[in-house]
Amino acid sequence: MNRLNNKVALITGAAKGMGEAEARLFAEEGASLIITDVDYTNLEKVASDLQALGTKVLALKHNVASEEEWKKVAEEAEKTFGKVDVLVNNAGIFSVSGVEETTMEIWNKVISVNQTGTWLGMKYIVPLMRKAGGGSIINISSVYALIGTGTSAAYQSTKGAIRILSKTAAIEFAKDNIRVNTIFPGAIATTITETALDKPSKMEETTSDIIQIIPMKRIGKPIEVAYGALYLASDESSYTTGAELVIDGGWTIP
Ligand code: NAD
């Protein structure tokens, strides 16, 4: 079954991690894709794999924090596909400093990518969704929007902001048949902790303590989040908006 036949999906941060997993899964399910990332080298590899399987793919170098670049992405998307049905605001960066330790530079950088990037994505892609008669926006937050850790002031602020931004957008765009939902991944095996802005760390070290408090006693795989995004992208979720899908192995139950 192709659950995304005739749909055009735009996924940010698709060069690796969960964005890549979503791009590959959405392609298998029949979607055409616009994939974007600051890392154009890896993005091109993902694009050529998908093109080899017959998927129509537009790969664009794109910094989600830039309004000018979002305008260009929207223009290219319109030129190539004429519409966008699904937007996954996935691109994000991590930082592990507490309130006192966080510098102005880190604070502004994390907010500009995670929070401003998500807002800009909705602002510039919604007009293309209206042309399609509706659409589905999936904003990637984090369990760090649901629990405090004492260690990631800027990152947690942005993920909390994405949570409420999605809810207000869900109300704003309901009249346009555009649904806005949020996914809250727990600890997922990607490289994000290795590329943390302030304290690069290895995923295994960072997650070994976390695994102890996750009821399922393991970290998740990118594909396990991608399946949640697939449901929200497809028409199977046609009455679901403003929803919060937590995919965390039970981490936030207690
Ligand atoms: P990742 O580092 O593997 O992938 C993130 C991708 O985003 C990379 O390809 C990177 O180049 C790209 N990116 C970074 N800054 C960008 C920018 N300014 N513009 C465009 N692209 C940019 O990380 P991931 O774990 O796959 O993260 C995906 C999303 O999931 C992020 O929003 C992250 O905050 C969120 N998340 C991750 C975890 C986890 O445990 N991995 C948990 C909760 C939430």
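When a ligand or atom number is given, it counts from 1 through the structure's own listing order. Computed from a prediction, not measured in an experiment: that's the story for all the values here.
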*asked:* At under 4.0 Å between heavy atoms, is it the side chain or the backbone of Pro222 that contacts ligand 1, or both, or neither?
replied: neither
*The one among Leu60, Asn90, Ile140 that brings a heavy atom closest to atom 31 (C) of ligand 1*: Asn90
*asked:* Just to be sure I'm reading this right: ignoring hydrogens, which of Glu20, His62, Glu22, Lys61 gets closest to atom 20 (C) of ligand 1? Compare them by their nearest heavy atoms.
replied: His62
*Are side-chain N/O atoms of Thr252 and Asp248 paired as donor and acceptor at under 3.5 Å?*
yes
*Would you mind running through ligand 1 and noting each atom that sits below 4.0 Å from a heavy atom of Gly17?*
3 (O), 26 (O)
*Asp39 N/O under 3.5 Å from ligand 1 N/O*: no
*Please could you name the atoms of ligand 1 that Asn63 approaches to less than 4.0 Å, counting only its heavy atoms?*
17 (C), 18 (N), 19 (N)
*With a 4.0 Å heavy-atom cut-off (strictly under), which part of Val113 contacts ligand 1: side chain, backbone, both or neither?*
side chain
*State whether the shortest distance between N or O atoms of Pro185 and N or O atoms of ligand 1 falls below 3.5 angstrom.*
no
*asked:* Tell me whether Ile93 has any N or O atom under 3.5 angstrom from an N or O of ligand 1.
replied: no
*Side chains of Glu76 and Leu60: closer than 4.5 Å at any heavy-atom pair?*
yes
*Say whether Glu194 and ligand 1 are in contact under the criterion: heavy-atom distance to a ligand atom below 4.0 Å.*
no
*asked:* One residue to check: Phe94. Relative to ligand 1, which of side chain, backbone, both or neither has a non-hydrogen atom less than 4.0 Å away?
replied: neither
_Please verify the inter-ring angle class for Tyr144 with Phe94; under 30° counts as parallel, over 60° as perpendicular, anything in between as tilted._
tilted
_As an exercise, state the distance from CG of Leu10 to OG1 of Thr36, rounded to the nearest 0.5 Å._
6.0 Å
*State the atoms of ligand 1, each with its element, that fall below the 4.0 Å cut-off from a heavy-atom position in Ala15.*
9 (O)
*Quick one: does ligand 1 sit under 4.0 Å from the side chain of Ala187, the backbone, both or neither, non-hydrogen atoms only?*
backbone
*How long is the gap from CG on Asn139 to CZ on Phe184, to the nearest 0.5 Å?*
9.5 Å
*Work out whether the distance between some heavy atom of Tyr144 and some atom of ligand 1 is less than 4.0 Å.*
no
*Any N or O on Val143 sitting closer than 3.5 Å to an N or O of ligand 1?*
no
_Atoms in ligand 1 with a heavy atom of Gly186 nearer than 4.0 Å_ = 38 (C), 39 (C), 40 (O), 42 (C), 43 (C)
*asked:* salt bridge (Lys or Arg N to Asp or Glu O under 4.0 Å) for Lys72 and Glu75? Distances and angles first, verdict last.
replied: CA-CA 5 Å; Lys72 284 191 197 129; Glu75 276 169 26; over 6 Å; no
_Test item: Lys61 side-chain N/O and Val38 main-chain N/O as donor-acceptor pair under 3.5 Å_ = yes
_Pairwise distance CD(Glu29) to CZ(Arg3) - rounded to 0.5 angstrom_ = 5.5 Å
_Is a donor from one side chain sitting under 3.5 angstrom from an acceptor on the other, for Asn90 and Thr12?_
no
*Tracing side-chain links under 4.5 Å among I, L, V, M, F, W and Y, which residues wind up in one group with Val99?*
none
*Heavy-atom contact under 4.0 Å between Ser112 and ligand 1?*
no
_Apply side chain to side chain donor-acceptor pair (under 3.5 Å) to residues Tyr155 and Ser97 and explain how you reach the verdict._
CA-CA 9 Å; Tyr155 183 78; Ser97 43; over 6 Å; no
*asked:* Only heavy atoms of Ala91, strictly under 4.0 Å: list the atoms of ligand 1 that pass.
replied: 7 (O), 20 (C), 21 (N), 22 (C), 32 (O)
*Can you hop from Ile162 to Ile171 via hydrophobic side chains spaced under 4.5 Å?*
no
_With respect to Thr195, determine whether any N or O atom, backbone or side chain, lies less than 3.5 Å from an N or O atom of ligand 1._
no
